[in-house]
Amino acid sequence: MKVKDLLQVESIDLQGSPAGKEDAIRQMVDLMCKGGNIKDREAYLTGVFAREAEGTTGIGEGIAIPHCKSDAVSAPGLAAMVVPGGVDFDSLDGEKVHLIFLIAAPNTEDNVHLDVLSRLSVLLMDEEFTKKLQQAKTPEAFLEIISAAESEKETAEENKGEVCGKGDVFVVAVTGCPTGIAHTYMAAEALEKAAKAQGVQIKVETRGSGGAKNVLTEQEIAKAAGVIVAADTKVPMERFGGKPVLECKVADGISKADSLISKAKEGNGPIYKVSAKKTQETRTEGKESVGHQIYTHLMNGVSHMLPFVIGGGILIALAFLIDTLMGYGATGGGNFGTCTPVSAFFKYIGGLGMGLMVPVLAGYIAYSIADRPGLAVGFVGGMLASSGNALAASYDWSNVGGFGGFVERFAFQAEGAGTTVSGFLGGILAGFLAGYVVLGLKKLCDKLPDSLEGIKPTLIYPLVGMFVVGVLMCFIFNPVIGLINTGLSTMLSALANAGLITLLGLILGAMMAIDMGGPINKAAYVFGTGMLATASDLMASGAQASDPTVQACYIAMASIMVGGMVPPIGIALACQFFPKKFTEAERGSKISNLVMGCSFITEGAIPFAASDPAHVIPCTLVGAGVAGGLSAFFGCTLMAPHGGLFVFATVGKPLLYILSWIIGSVVTAVMLGFIKKDAQEI
């Protein structure tokens with residue numbers, strides 16, 4: 001796609017005479033509407049003014065590029081106006097604007113236009129090009145000037161390497177703006193031109209709407225005399241630790257490029273200091289070790305997941321507290337937490353927050369690996385990990401023919417295999433899977449024409465990535481976990497029938513702490529609620545509460561709940577007594593973990609287990625197993641399926657139950673203190 005495909009003759013005015021900036025923008029929007037690109041003029045106009053309020057788009061040198069990315073845009077487009085007499089546009093250099101381009105970008109679907117718009121932005125940095133545009137006699141001639149310059153620029157880009165300019169001095173830069181449409185690339189072009197004029201080599205990393213490109217390596221940063229960060233958006237800065245860094249607005253990268261290059265080549269900038277808590281890893285030839293890369297990706301997912309766990313978990317705990325205060329602690333049963341309208345509201349909102357936990361974990365692992373294009377694919381993979389294949393499992397595939405038979409035979413043959421969830425462990429798997437699938441797609445798409453660059457992150461990567469990850473999760477990972485789930489249920493039933501109640505309690509408690517909401521945890525919990533139903537049926541048939549079989553059912557449920565309460569409490573204790581083992585963010589969540597542990601919300605431990613599964617899970621597993629085994633050995637019983645501390649009124653032998661809980665939590669905390677390595681701040 002070329003610029004002329006976005007700019008129509010009807011949207012070009014070569015004799016503009018607006019009264020001022022506001023009038024100029026309104027006239028430009030009217031020109032855009034003539035091209036048929038806008039479905040809601042007022043909404044689009046409001047969006048253009050809102051963008052202008054963030055900072056002027058009058059970039060100087062007589063040019064302004066107002067723009068808006070909005071749902072009010074039906075199709076990407078451009079409008080252009082030449083103002084022979086000039087108009088005051090609050091330009092960065094204080095001069096009047098003689099050439100205005102308005103950009104309309106839709107929020108959805110095909111973003112191939114972004115590549116075109118970035119090329120136009122770069123072209124406008126050429127003074128000869130802008131003079132020709134201002135001297136054009138007809139709209140058709142205006143378009144031809146753009147087309148010729150664009151073709152010339154494409155040829156030059158093919159012959160240009162990542163590093164621009166010549167000279168003994170080397171500097172690096174990063175540019176980025178919130179929309180990633182125009183200023184990102186204009187600043188990069190301005191810095192490259194200034195570096196070339198001063199005999200300096202430069203490499204510029206652009207962080208536009210399609211993600212980071214021309215990414216700086218550790219070696220390049222290390223040899224750079226100085227660093228320029230001209231950005232109005234978030235840029236990873238820790239990599240510049242110890243280097244002189246000049247930070248400024250992206251607009252300064254355009255208007256003050258010469259000054260920035262002069263300072264950077266002399267190293268005249270404040271030394272960027274990384275917090276002493278930041279990790280100083282050992283690198284080989286400027287590359288991180290594979291292990292540290294995995295850890296970094298994992299921690300990116302965990303850090304974004306943590307607020308969902310804490311916020312959602314405490315809201316659910318408040319729901320239990322409200323029902324307890326209203327007198328439903330011993331009588332709420334399976335409805336406990338939703339017995340009043342207020343508690344039901346809290347539990348509903350908290351449940352939504354907790355439900356986003358695994359998708360967010362997977363999404364931001366993928367984002368760390370593959371940048372913005374990996375985010376959507378990771379979210380979908382995480383949703384499949386947390387929701388399972390429920391739709392596919394419930395569908396009658398017998399009417400679909402050969403394909404339906406294939407699905408039934410290979411994906412959903414085990415009872416429960418289609419609906420099982422793989423929990424946070426499945427979310428971790430889905431996140432890494434999504435990230436590396438998108439990276440693979442990037443490599444495969446490298447040889448596609450440059451004109452398709454904009455369509456890759458918004459169409460090719462998410463479409464193909466979601467399909468590949470969806471197939472792998474639905475047809476391989478979730479069904480396999482379903483088979484494991486079925487096997488676990490069979491094993492637990494066999495132990496219960498054999499009367500090995502203490503061993504059963506130990507295993508049930510340990511299962512609650514392995515994947516904390518995943519298939520193993522759910523297998524134990526479903527088994528426990530099934531035992532409660534069995535006890536209810538027995539008593540309805542005339543059995544007494546003291547009957548050994550009824551007691552065994554209640555003992556199993558007690559072991560399950562105490563096992564699920566141990567991980568958050570044990571981790572909170574470890575944060576208190578072994579602070580060096582945890583990051584600052586993890587230590588800050590110890591209070592919320594105490595609340596969630598008391599409420600039987602095992603998921604409070606998930607961020608810790610996700611960040612260091614090899615050390616945390618064995619500790620929580622052993623502690624929860626000890627608690628579950630002791631509870632069963634003491635003969636503690638529980639008649640409620642949920643609620644933690646708030647349903648202790650239904651616990652038989654409550655003091656021994658609390659003792660089991662405390663011992664299991666202390667075991668987990670002490671093991672973490674000895675086994676877990678000191679934390680690394682990322």
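Shown here for V48 and P66, the closest heavy-atom pair between the two residues is CG1-CB, 4.2 Å. The heavy-atom pair separating A79 from M32 by the smallest distance is N-CE, 3.6 Å. For the residue pair A80 and L31, the shortest heavy atom distance occurs at O-CD1, 3.7 Å. Between A173 and I202, the closest heavy-atom pair is CB-CD1, 4.3 Å. When all heavy atoms are compared, the tightest approach of G58 to E52 is N-OE2, 4.3 Å. The minimum heavy-atom distance linking G435 with A366 is given by the pair N-CB, 3.7 Å.
Counting heavy atoms from C-beta outward, V174 and I228 have side chains that stay 4.5 Å or more apart. With a 4.5 Å cut-off on side-chain heavy atoms, K39 and V73 do not count as touching. For the pair K676 and D612, the minimum side-chain heavy-atom distance is below 4.5 Å. Considering only heavy atoms from C-beta on, L78 stays 4.5 Å or farther from L102 through its side chain. In this structure, the side chains of K21 and D88 stay at 4.5 Å or more apart for every pair of heavy atoms. In this structure, the side chains of C248 and L260 come closer than 4.5 Å at one or more pairs of heavy atoms. Within the 4.5 Å cutoff, the side chain of E22 has heavy atoms near those of the F49 side chain. Annotation: side chain of S91 is not in contact with side chain of K96 (no heavy-atom distance under 4.5 Å).
Taken from CD1 in I63 to CZ in F89, the straight-line distance is 12.5 Å, to the nearest 0.5 Å. T130 OG1 to F101 CZ: the interatomic distance, rounded to the nearest 0.5 Å, is 10.0 Å. Atoms CD and NZ, on Q201 and K265 in that order, are 13.5 Å from each other to the nearest 0.5 Å. Atom CE of M28 is separated from atom CD1 of I65 by 10.5 Å, given to the nearest 0.5 angstrom. If you take NZ on K442 and NZ on K456, they are separated by 10.0 Å, rounding to the nearest 0.5 Å. For the atom pair CZ of R372 and CZ of R207, the computed distance is 9.0 Å after rounding to the nearest 0.5 Å.
In the model, T217 has a side-chain atom that pairs as donor or acceptor with a side-chain atom of E220 under 3.5 Å. T175 and E205 form no side-chain donor-acceptor contact under 3.5 Å, judged by distance and modelled atom types alone.
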* Walk me through it: do D678 and K581 pass the test salt bridge (Lys or Arg N to Asp or Glu O under 4.0 Å)? => CA-CA 4 Å; D678 287 350; K581 305 293 180 178; 3.5 Å; yes
* side-chain contact (heavy atoms from CB on, under 4.5 Å) between E247 and Y272: does it pass, once the steps are laid out? -> CA-CA 10 Å; E247 294 185 74; Y272 188 82; 4.3 Å; yes
* Between Y436 and I369, is a side-chain contact (heavy atoms from CB on, under 4.5 Å) present by the stated rule, with each step listed? -> CA-CA 7 Å; Y436 288 113; I369 295 169; 3.8 Å; yes
* To do: Would you please test L133 and L99 for side-chain contact (heavy atoms from CB on, under 4.5 Å) and show each step?
  => CA-CA 8 Å; L133 290 179; L99 183 61; 3.8 Å; yes
* Please lay out, stage by stage, how H304 and L361 fare under the test side-chain contact (heavy atoms from CB on, under 4.5 Å). => CA-CA 7 Å; H304 284 88; L361 171 66; over 6 Å; no
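Relative orientation of the F582 and F608 rings is perpendicular, given thresholds of 30° and 60° on the angle between their planes.
A 6.0 Å sphere centred on NZ of K243 holds more than 12 heavy atoms belonging to other residues, nucleotides or ligands. For CD of E127, the number of neighbouring non-hydrogen atoms (other residues, nucleotides, ligands) closer than 6.0 Å is 12 at most.
Under the side chain to side chain donor-acceptor pair (under 3.5 Å) criterion, S368 pairs with H297, not counting sequence neighbours.
K203 places a side-chain N or O within donor-acceptor distance of the main-chain N or O of V215, the cut-off being under 3.5 Å. Looking only at distances, a side-chain donor or acceptor of Q198 sits under 3.5 Å from a matching main-chain atom of D258.
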Please list every donor-acceptor pair under 3.5 Å in which a side-chain atom of residues 373-383 meets a protein atom from a residue at least two apart or in another chain.
none

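A salt bridge does not link E128 to K132: none of the charged nitrogens lies less than 4.0 Å from a carboxylate oxygen.
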